[in-house]
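To keep things clear, I will list the structure first and then write my remarks on it.
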Amino acid sequence: MDEAALDQAFRALKTVLGARATRAKAHRIGYSRDWSPRHSSHIDLPDIVVVPKTTDEVVEIVKIAYRHRVPVVPFAGGTGMGGGVAAWKGGIAVETKGFDQLLELDEANMMVTTQAGITIWALNEELARSGLWFPHQPESKRACTIGASIGCDNDSTFGLRYGKILDYLSNVVMVTGKGEALRIGRRKAAFSSTGYKLLDLVVGSEGTLGVVTEATLRVFPLPETRLVRGYVCRSLDDGLRSLERVLAGGICVESAHLNCRQRLHFYTHAYREKYQREPDIPDWAEAILFLSFAGDEDVVNFSLEKATRILLDHFGAEETKEQEMVDGWWASKHSLDFIPFRQKWPDSQREKKFGAADLGLPIGRVEEAYQRFLEIASKWGQDILGMTVYNEAPNKPTASISFAVFVDDSSEESVANFYNYVKEMSAMALEMEGTMSSYIGDGDRLGGFNELEHGDSYIYMKRIKEMFDPGGIFNPGKKFESRWITGA
Amino acid sequence: MDNRSLEQYAEDIYTCNRTRCGFCVDECPVHRIKGMEAYSSRGKMMLARGLLEGIIEPSTEVQEVLEACLLCGHCQARCALNNLDIFTALRQRMAEKEFYAQEHLKKVMKMLDAGRLFDRPAHLEREGTVPLYLGCLYQSKPIETRTIISVLERCGIDPLVVEEVCCGYLAEATGFHAQFEDIRERFRATYGNHSDQEILTLCPTCTVALTESHGLNAKHAILAVAERIGQLNPRQLDLQATYHDPCHLGRMLGVFDEPRDVLRALGVVLTEMEQNRVFSSCCGGGGGVADIDQTLALEIAKNRIRDAMRVGVENIITLCPTCEPTLLRGASRLANETGVFVDVQGVWDLLDEALN
């Protein structure tokens, strides 16, 4: 970084933000990591940290950054798994949780307009007072903000019924590369066939096109009843086909997660602690499908019964009697009613950390992909944590898959091999007509390989980037470069 | 208390950095005000790692972050790592490197020199059978304290109050380990002959110190009152209120039901704030923060008053000599800004009124 430019930028930022702009290392170190696997001693220190409270302040920050050509890296929950917030080219870390105000709850139109730094958890606490909820809910929702969900297009527990963040979004306010605050998208209509769908560009852009400061989102009535059940299946393929059949039967399923046997172990620590044994899963079971149903009690009961019949009668599945295991899994997925390291993760994370390749695949390739996952993970010496298939589109099975491993982050070699593993898994995804990432984003892992996935259209991505960010200041090193994965 | 070395917590520190769940960030009362990651538990864990690895050195900026921590334990309730021990170790590391607040040092020196944190306008002693440790804050307010002793008498308790020295909590909490060792020695010399007895206490913070740092069998007096209130036929008060769990009494000692039971026995109709019991939010008075940043403490207190306003109550009742005035300051300032005053009362005052 050009130190003189940084000094000038910092002085200008201080005049706008006062104490909410700092160069103190004591503050910069807090923005030096996310949840992505990297060597335990590796950090990326931004040069400056700012905490804006309003869109106007973000406009001023971006104008200053543009003038001095200093990178701007938006930071939200800090729980990303792909290095999306890693300021590895230095610059200004913009702490977005400073703008966290709910601006309008329009109950008549079932829309909420909020500053983008509000956490999904806090937004739902506000909405619950009016009997409403915002069902886009990644597991990281206690820390993850609306802006972060837009930025990395992350997953949601309830994707099967409600989809991903784009399915809720009407519009955003985004501050672009010269410091213009643009409202992008529709007003409050659910759709529009006018103009170009710029909102689609914003979702998943990982802060490379601008800083999202506001969002208008669809909200829903809180369901009266919810039931969650687990079904052991004879194969992963059976699990997905049975879900297709359940949905084809007209049943509304709120969430569906298909886990391989190994993955279940990660979620069932509390069960093992209590009973001193593994949950009772039949030897023949290769997968477990968790379904949730929500709505009016009689409808939920009927849906559950009908889905169960389909799974049992047509696919030879069994409903697990280990309801406590199911409830424990649900707590770790949705209610988050657990203490980290007590009920979840105590048998992991202390020595090694969670890491994943997050592929999106055609649904017919899941079984094959699972076998290849086992081979590729073993080849690169990764401890296999297991696989979960997330369903992330309304009313249809999809294969957004977490292929997870434990990474020994005390070893440079193990971390390097993790990224070799991700690279080979990504190549497999493209070979299978899938995508390299379905919910983590490019981060500092995959951007250099986007040309492989997107072919001739890749050049348009670069042009779009140049239009929104002519100074190249927004989150450099992402989307078009890879830091950890090299080679063809 | 053992000498806390940061190195002994390295595994916890790395585990937090490795996991980064962020459960501790959004609800941290200091982070709610300050907005920067470093003030949250996750951020301080990064600081701890930076200090361990030599990436950062002790500095006034690090000191400022650590001194802003309330040690309220809200983050620890969301986590199974030794968060508070680590933060105390961090403060100790900083104090060893001469990074400490002069205000804290003055108080610690007063504890060492005079055996007390505050001046004591009256000599409070009483012959009795049940040892009662008043603590420095109550010793500094003899009128209120005599009322509490009177309440205990009316509950059938016969308190024994003897010459006291300070428990030393503030010295321990602010990282003055060596000084705390001296304070502990003096405390043992004074209170050692009660080491096999149950000691009733009034101040939640002292209770934690007596139990955890001095190894005594201390019990907050509200527990003794709760055991007896059913037989006392108190006058019924016409009051709708919420109860604020003091961090030390609630989260750290697990006393949640007894104060509520006592209040209900007095006819108080309680409405819970959303942040209650183990997830109660600090009043702003913890960790020595108010000594060095009264604005921060005040803003945190105002947020707690807003928590009460959010559930539509105009009275907060609490049971801590730090929480009560801190919340009252927050309520007064917020009343100036909003025109709505939320009153703050102590359980002992209500007991005095109902048992008259």
Side-chain angles (χ1 to χ4, degrees), chain A residues 19-20 22-37 40-41 43 45 49-53 75 77-80 93 95 97-98 100 117-119 121-122 125 129 139-140 142-145 336 338-346 348-354 407 409-410, chain B residues 10-27 31-66 68 75-83 94 274-275 278 310-311:
Chain A
R20 288 184 283 122
T22 179
R23 294 190 77 175
K25 210 182 227 183
H27 289 290
R28 292 188 289 135
I29 199 169
Y31 299 92
S32 64
R33 283 181 80 93
D34 66 359
W35 197 38
S36 55
S40 58
S41 65
I43 57 170
L45 284 171
V49 174
V50 294
V51 189
K53 299 276 188 188
F75 188 101
T79 57
E95 166 58 273
K97 292 192 293 297
D100 62 351
I118 193 169
T119 63
W121 188 271
E125 284 187 329
R129 296 187 184 103
E139 274 180 71
S140 57
R142 272 197 179 276
C144 179
T145 66
L336 305 189
F338 66 90
I339 307 295
F341 309 109
R342 200 167 293 153
Q343 287 96 339
K344 189 176 173 182
W345 309 323
S348 64
Q349 308 282 316
R350 278 200 175 269
E351 293 171 359
K352 295 186 177 184
K353 87 171 293 306
F354 186 102
V407 186
D409 64 352
S410 66
Chain B
E11 187 189 326
D12 271 8
I13 292 164
Y14 276 83
T15 300
C16 174
N17 289 179
R18 193 176 285 129
T19 308
R20 298 187 59 79
C21 66
F23 278 30
C24 58
V25 176
D26 208 29
E27 294 172 348
H31 186 270
R32 280 169 77 182
I33 303 293
K34 295 276 196 177
M36 285 188 193
E37 178 85 4
Y39 296 101
S40 70
S41 176
R42 189 175 69 174
K44 287 195 284 286
M45 292 289 204
M46 283 297 288
L47 275 180
R49 207 190 75 172
L51 287 166
L52 276 178
E53 295 180 341
I55 294 170
I56 56 174
E57 297 295 326
S59 65
T60 51
E61 288 89 358
V62 176
Q63 180 189 343
E64 188 273 332
V65 168
L66 297 176
C75 52
Q76 190 154 300
R78 291 272 180 222
C79 185
L81 303 175
N82 294 297
N83 312 58
M94 295 296 289
E274 289 178 14
Q275 301 79 9
V278 75
R310 199 189 283 277
V311 294

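Only this structure's heavy atoms are used, side chains among them; waters, hydrogens and symmetry mates stay out.
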**Asked** Of the backbone (N, CA, C, O) and the side chain (C-beta and beyond), which part of B:Glu57 lies under 4.5 Å from a heavy atom of chain A, both, or neither?
**Response** neither
**Item:** Check: B:Tyr14 and A:Arg350 side chains under 4.5 Å, non-hydrogen atoms
**Value:** no
**Item:** Shortest non-hydrogen contact from B:Arg20 toward A:Gly30
**Value:** NH2-O, 4.4 Å
**Under 3.5 Å: donor-acceptor pair, side chain of B:Arg49, backbone of A:Ser40** = yes
**Request:** With a 4.5 angstrom heavy-atom cut-off, could you sort out which part of A:Ala19 is near chain B: side chain, backbone, both or neither?
**Result:** backbone
**Request:** Select one option (side chain, backbone, both, neither) describing which atoms of A:Phe354 are under 4.5 Å from chain B's heavy atoms.
**Result:** neither
**Prompt:** Do side-chain atoms of A:Trp35 reach the backbone of B:Arg18 as a donor and acceptor pair under 3.5 angstrom?
**Reply:** yes
**Request:** Can you tell which part of B:Val65 gets under 4.5 Å to a heavy atom of chain A, answering side chain, backbone, both or neither?
**Result:** side chain
**Message:** Less than 4.5 Å to any heavy atom of chain A: does that hold for the side chain of B:Leu51, its backbone, both, or neither?
**Reply:** neither
**Request:** Take A:Glu351 and B:Glu11 through the test side-chain contact (heavy atoms from CB on, under 4.5 Å) and record every step on the way to the result.
**Result:** CA-CA 9 Å; A:Glu351 293 171 359; B:Glu11 187 189 326; 5.9 Å; no
**Asked** Do NZ/NE/NH1/NH2 and the carboxylate oxygens of B:Glu27 and A:Arg142 come within less than 4.0 Å?
**Response** yes
**Message:** Which heavy atom of A:Ala26 sits nearest to which heavy atom of B:Leu47, and what is that distance?
**Reply:** O-CD2, 3.5 Å
**Item:** Heavy-atom side-chain contact between B:Met36 and A:Glu95 under 4.5 Å
**Value:** no
**Request:** Pick one of side chain, backbone, both or neither for A:Arg129, based on which atoms fall under 4.5 Å of a heavy atom in chain B.
**Result:** side chain
**Test log, rule side-chain contact (heavy atoms from CB on, under 4.5 Å), inputs A:Val49 and B:Glu37** = CA-CA 10 Å; A:Val49 174; B:Glu37 178 85 4; over 6 Å; no
**Prompt:** For A:Ser410, is it the side chain, the backbone, both, or neither that has a heavy atom closer than 4.5 Å to a heavy atom of chain B?
**Reply:** neither
**Request:** Below 4.5 Å from any heavy atom of chain A, which atoms of B:Glu61 appear? Answer side chain, backbone, both or neither.
**Result:** both
**Item:** Under 3.5 Å: donor-acceptor pair, side chain of A:Lys25, backbone of B:Ile55
**Value:** yes
**Request:** Side-chain contact test, heavy atoms from C-beta onward, threshold under 4.5 Å: evaluate it for A:Arg33 versus B:Arg42 and give yes or no.
**Result:** no
